[in-house]
Amino acid sequence: MILLLLIPLLPLTAALVLSFPHKFLRNKAGIISALFTGASLIPIILMSGAKVKTGITWFSTAGFNLTFSLTAGGLEWLSSLIVALTGLTITIFSVKFIEERQQFFFRVMSFFIGSMLTLVLSDSFILTFISWEFVGLSSFLLIGFWFRETDAKEASRKAFLTTRIGDFGFLTALLLILVNYGTTDITSFLHNLHGSHTLSPVLLSFLFLTAALGKSAQLPFTSWLPDAMAGPAPVSALIHSATMVAAGVFLLLKLFPLFEASRISLSYITWIGGITALTAALVASTRYDIKRILAWSTISQLGEMYFVIGLGGAIAAAFHLAVHAVFKAGLFLTAGVIGHKAGTKDIRELGNLRESLPYTAAAFILCGLALSGFPPFAGFWSEDEIMSEALKHGAAYSSFMIILIFLAGVYISRAGASIFARWNGNNNWQLSKPGKSLIYPMLFLAGLAIIAGYILKLNIESLLNFRPSPSIGWGWRSGAIAASISGLVYGTVKVLKSGPVPSFGNLFSYLVEAVNIFIVVPVRIIQFASTVVKLFERILDSAAKGLSELVLSLAKMDERTELAFDRSAQGLSSFILNSADDIDRTEIEEFSKKADEFALSFSAAGKELGKLQSGKIFIYTLIFFSWIIITALIAGAIFIF
């Protein structure tokens, strides 16, 4: 279990370590990245042949189980070996090739490799989707590494947005599986695929296929990959060999039982892969930028893998995916050296470089022969498997593969002859030779391009849990060999005679525009939608800002009103309190005083009246009659007046 966890954690740890700003890390970033990536190969080798799975349940509730798990079956082990091995080789090459912002570059490279290792080892849809998105993020950062160049910025944005269209299909399928199957465990899902569920395998297969087509740059998502050549050559080598584009094919192989349950989706994969392979091969024979030629070659080779997956040949597709990673990585590293030393990647400006760059020429030729299916190089053995599967479905399918093999020989020999051979009008270059740190990785991959196919041929059927392909007779095999040799000869002779012109005239040059139509319309729709969304966001932001300002103003007004009420209440309470104090003081001081004086007056009057009490009756009579007379006089005066 620990070994399984170490495989992706080691490169991810390198990415984490290189995130800290330090002079030592800046100077040794490439070495640190290479050491950690190389260390991840150790547990992979130690786990050879083992069937290991480890994971945790994130949470389980209401019948839903969300898991994070890793597994190392045959497909996962082979894929992780290819990712780590090519990733290490490309990282070593990059140590001397990348001269600026090394810490950032190798941090993202390590993160890229770690994310891809997580993807191929994951047995959880959630973890697969997370690493799937991390791979897309890494490619965005690395394609746009030279961010000061407009082409690089536009290419990285285009790659990111185009692949996001397909990723929407992945996310939708993930949610549907969770709702209908109650799990995110891939193995459990595949085991219960034919259970009592209402969800159609056709729907799920097309959703996952959409995601795979976007990652692998198959029609209609093709145009982002050639534009991605604006990034550094090591980035192109990694994307085209073992990470970004390989993720799409790996997803189809990982979920192959799902696609087998939907024959219509397999038929669609066959057609879309075949059309993409043929179209891209014809376009590659017309391009002039060496990296774009290789990019269209990658699209064509991936199309072959889709083609044979649709025919049910999962083992042949996995075989070709593995060997393609080796020779295509080698070709891109040689293209990087050529562009770096010559200052141009345009094959019309090159020629006769074999004298100045002999080791680069040797690596390119060996890897090119592997790509063309020339025996006994790696591509011959894998395309032999594809031919076997195609022949099972009819002569038309195997004949189509022979055409693709011929075209591969044409466009790769056209590129090689234009760069390294003498042809009329080319330049005589005097270039400095690349250092050993650049030469050794190229030659190592070229050596693998010779022997890897035969080694895998002996072990592929026991390694992968897929139905083996039927054997092919020497008649069709001889036809494939003849197609490879014919393509190589035709492409070379055409260059020696006419220079690096399009191999079949200018007719197929317009295929690029036709292919772009497939993606331009969706991209324009997405751009329009994003503009509308951005406008809507601005409206919402303005409305929210206005509302917040209104609420803030009301709050301030309420605060001022409350303050005024508080002050009024305080004033009123103070007034009442003071009034009460005054009343109390008046009551105590004035009223009591006046009452006492009034009482004293009554007391004095009483005393005076008391003096009139003599006890003599005539005095009382006299007073009484005097009061009557006085009252009568007053009443008469009032009456008269």
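Keep in mind the model is a prediction, meaning the values are calculated, not measured.
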Do Thr334 and Thr360 pass the side-chain hydrogen bond (donor to acceptor under 3.5 Å, both in side chains) test, and can you show the C-alpha distance, the side-chain angles, and the key distance before you say yes or no?
CA-CA 6 Å; Thr334 60; Thr360 304; over 6 Å; no
Run the side-chain contact (heavy atoms from CB on, under 4.5 Å) check on Phe377 and Leu371 step by step: do they pass?
CA-CA 8 Å; Phe377 294 88; Leu371 184 149; over 6 Å; no
Verify side-chain contact (heavy atoms from CB on, under 4.5 Å) between Arg348 and Ser418, making sure each step is shown before the conclusion.
CA-CA 7 Å; Arg348 293 171 296 185; Ser418 299; over 6 Å; no
Could you walk me through whether Lys328 and Ser297 pass side-chain hydrogen bond (donor to acceptor under 3.5 Å, both in side chains), step by step?
CA-CA 9 Å; Lys328 188 52 63 72; Ser297 166; 3.1 Å; yes
Kindly indicate, with the supporting measurements, whether the criterion side-chain contact (heavy atoms from CB on, under 4.5 Å) is fulfilled by Ile338 and Ile419.
CA-CA 9 Å; Ile338 293 165; Ile419 297 169; 3.7 Å; yes
Check against salt bridge (charged side-chain N to carboxylate O under 4.0 Å, His left out), Asp289 and Arg287:
CA-CA 6 Å; Asp289 186 302; Arg287 301 294 90 188; over 6 Å; no
Would Thr91 and Ile113 satisfy side-chain contact (heavy atoms from CB on, under 4.5 Å), going step by step from the backbone distance to the final call?
CA-CA 10 Å; Thr91 302; Ile113 295 170; 3.8 Å; yes
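A distance-only check finds a donor-acceptor pair linking the side chain of Thr89 to the backbone of Leu85 [under 3.5 Å]. Between the side chain of Trp146 and the backbone N or O of Asp151 there is no donor-acceptor pair closer than 3.5 Å. Of the possible polar contacts, one joining the Ser484 side chain to the Ser372 backbone as a donor-acceptor pair under 3.5 Å is found. Distance alone, capped at 3.5 Å, places no donor-acceptor pair between the Thr37 side chain and the Ala34 backbone. In this structure a side-chain-to-backbone donor-acceptor pair under 3.5 Å is present from Arg101 to Phe145. In terms of modelled atom types and a separation under 3.5 Å, the side chain of Gln103 and the main chain of Asn27 share no donor-acceptor contact. For Ser300 (side chain) and Ala277 (main-chain N/O), a donor-acceptor pair under 3.5 Å exists by modelled atom type. The main-chain N or O of Gly273 is never found under 3.5 Å from a side-chain atom of Thr276 such that the two would form a donor-acceptor pair. Between the side chain of Ser398 and the backbone N or O of Met387, no donor-acceptor pair lies under 3.5 Å. When atom types are taken as modelled, the side chain of Thr344 and the backbone of Asp346 share a donor-acceptor pair closer than 3.5 angstrom.
Rounded to the nearest 0.5 Å, atoms CD (Gln218) and CG (Leu209) are 9.5 Å apart. Summarising the geometry, atom OG belonging to Ser267 is positioned 13.0 Å from atom CD1 belonging to Ile272; distances are rounded to the nearest 0.5 Å. The distance from the CG atom of Leu331 to the CG atom of Leu445 is 9.5 Å, given to the nearest 0.5 Å. The CD1 atom of Ile450 lies 11.5 Å from the CD1 atom of Ile455; values are rounded to the nearest 0.5 Å. Taking CH2 of Trp224 as the reference point, atom OG1 of Thr163 lies at 6.5 Å (rounded to 0.5 Å). With rounding to the nearest 0.5 angstrom, the CG atom of Leu253 is 7.5 Å from the OG atom of Ser79.
Counting heavy atoms from C-beta outward, Ser156 and Phe140 have side chains that approach closer than 4.5 Å. Using a 4.5 Å heavy-atom cutoff, the side chains of Leu142 and Phe105 are in contact. Residues Asn352 and Trp423 fail the side-chain proximity criterion, which asks for heavy atoms closer than 4.5 Å. Using a 4.5 Å heavy-atom threshold, the side chains of Ile412 and Ile293 count as separate. Using a 4.5 Å heavy-atom cutoff, the side chains of Leu252 and Phe208 are not in contact. Contact of the Pro226 side chain with the Trp296 side chain is registered, since non-hydrogen atoms from C-beta on lie closer than 4.5 Å. For the pair Leu213 and Leu219, the minimum side-chain heavy-atom distance is 4.5 Å or more. Side chains of Asp167 and Lys215 form a contact here, defined as non-hydrogen atoms less than 4.5 Å apart.
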Using distance only, find each side-chain donor-acceptor pair of residues 434-441 under 3.5 Å and give its atom names and separation, not counting sequence neighbours.
none

Identify each donor-acceptor pair in which a side-chain atom of residues 485-500 lies under 3.5 Å from a protein atom, sequence neighbours left out, and give them as a table.
from, atom 1, to, atom 2, distance (Å)
Ser486, OG, Ala482, O, 2.7
Tyr490, OH, Ser503, O, 2.8
Thr492, OG1, Leu488, O, 2.8

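Residues passing the side chain to side chain contact (heavy atoms under 4.5 Å, CB included) test with Ala316, sequence neighbours excluded: Val308, Glu385, Ile386, Ser469. For the ring-ring contact (aromatic ring centres under 6.0 Å, His included) test, residues two or more places apart in sequence or in another chain that qualify with Phe364 are Phe420.
Nearest heavy atoms, Leu456 versus Ala322: CD1-CB, 3.7 Å. Closest of all the heavy-atom pairs between Ala335 and Leu294 is CB-CD1, 4.0 Å. Considering every non-hydrogen atom in both Ser138 and Phe111, the closest pair reads OG-CD2, 3.1 Å. Here the closest non-hydrogen pair linking Ile405 and Glu383 is CG1-OE1, 3.5 Å. Residues Ser94 and Met109 approach most closely at OG-CE, 4.3 Å, considering heavy atoms. Considering every non-hydrogen atom in both Ala152 and Ile143, the closest pair reads CB-O, 3.8 Å.
Within a 6.0 Å sphere centred on CZ of Phe134, other residues, nucleotides and ligands contribute 12 heavy atoms or fewer. Annotation for Lys341: atom NZ counts as buried by contact number, over 12 foreign heavy atoms lying within 6.0 Å.
The aromatic rings of Tyr397 and His393 sit perpendicular, their planes meeting at an angle over 60°, well past the 30° parallel limit.
Sorted by first then second residue, the ring-ring contact (aromatic ring centres under 6.0 Å, His included) pairs that include residues 322-354, not counting sequence neighbours, are Phe97-His340, His240-Phe332, His324-Phe327. Screening residues 139-150 for salt bridge (Lys or Arg N to Asp or Glu O under 4.0 Å) gives no qualifying pairs among residues at least two apart or on separate chains.
No close placement of the Phe319 and Trp381 rings is indicated, their centers lying 6.0 Å or farther apart. Checked against the 6.0 Å centroid threshold, Phe374 and Phe380 do not count as a close aromatic pair.
A donor atom on one side chain and an acceptor atom on the other are not found under 3.5 Å apart for Ser356 and Lys433. Side-chain atoms of Lys158 and Ser223 include a donor-acceptor pair closer than 3.5 Å.
Both tests hold for Arg164 against Phe160: distance to the six-membered ring centre under 6.0 Å, angle to the ring axis within 45°. Remark: Arg414 is not positioned above the aromatic ring of Phe504, lacking an NZ or CZ atom under 6.0 angstrom from the ring centre and at most 45 degrees off the axis.
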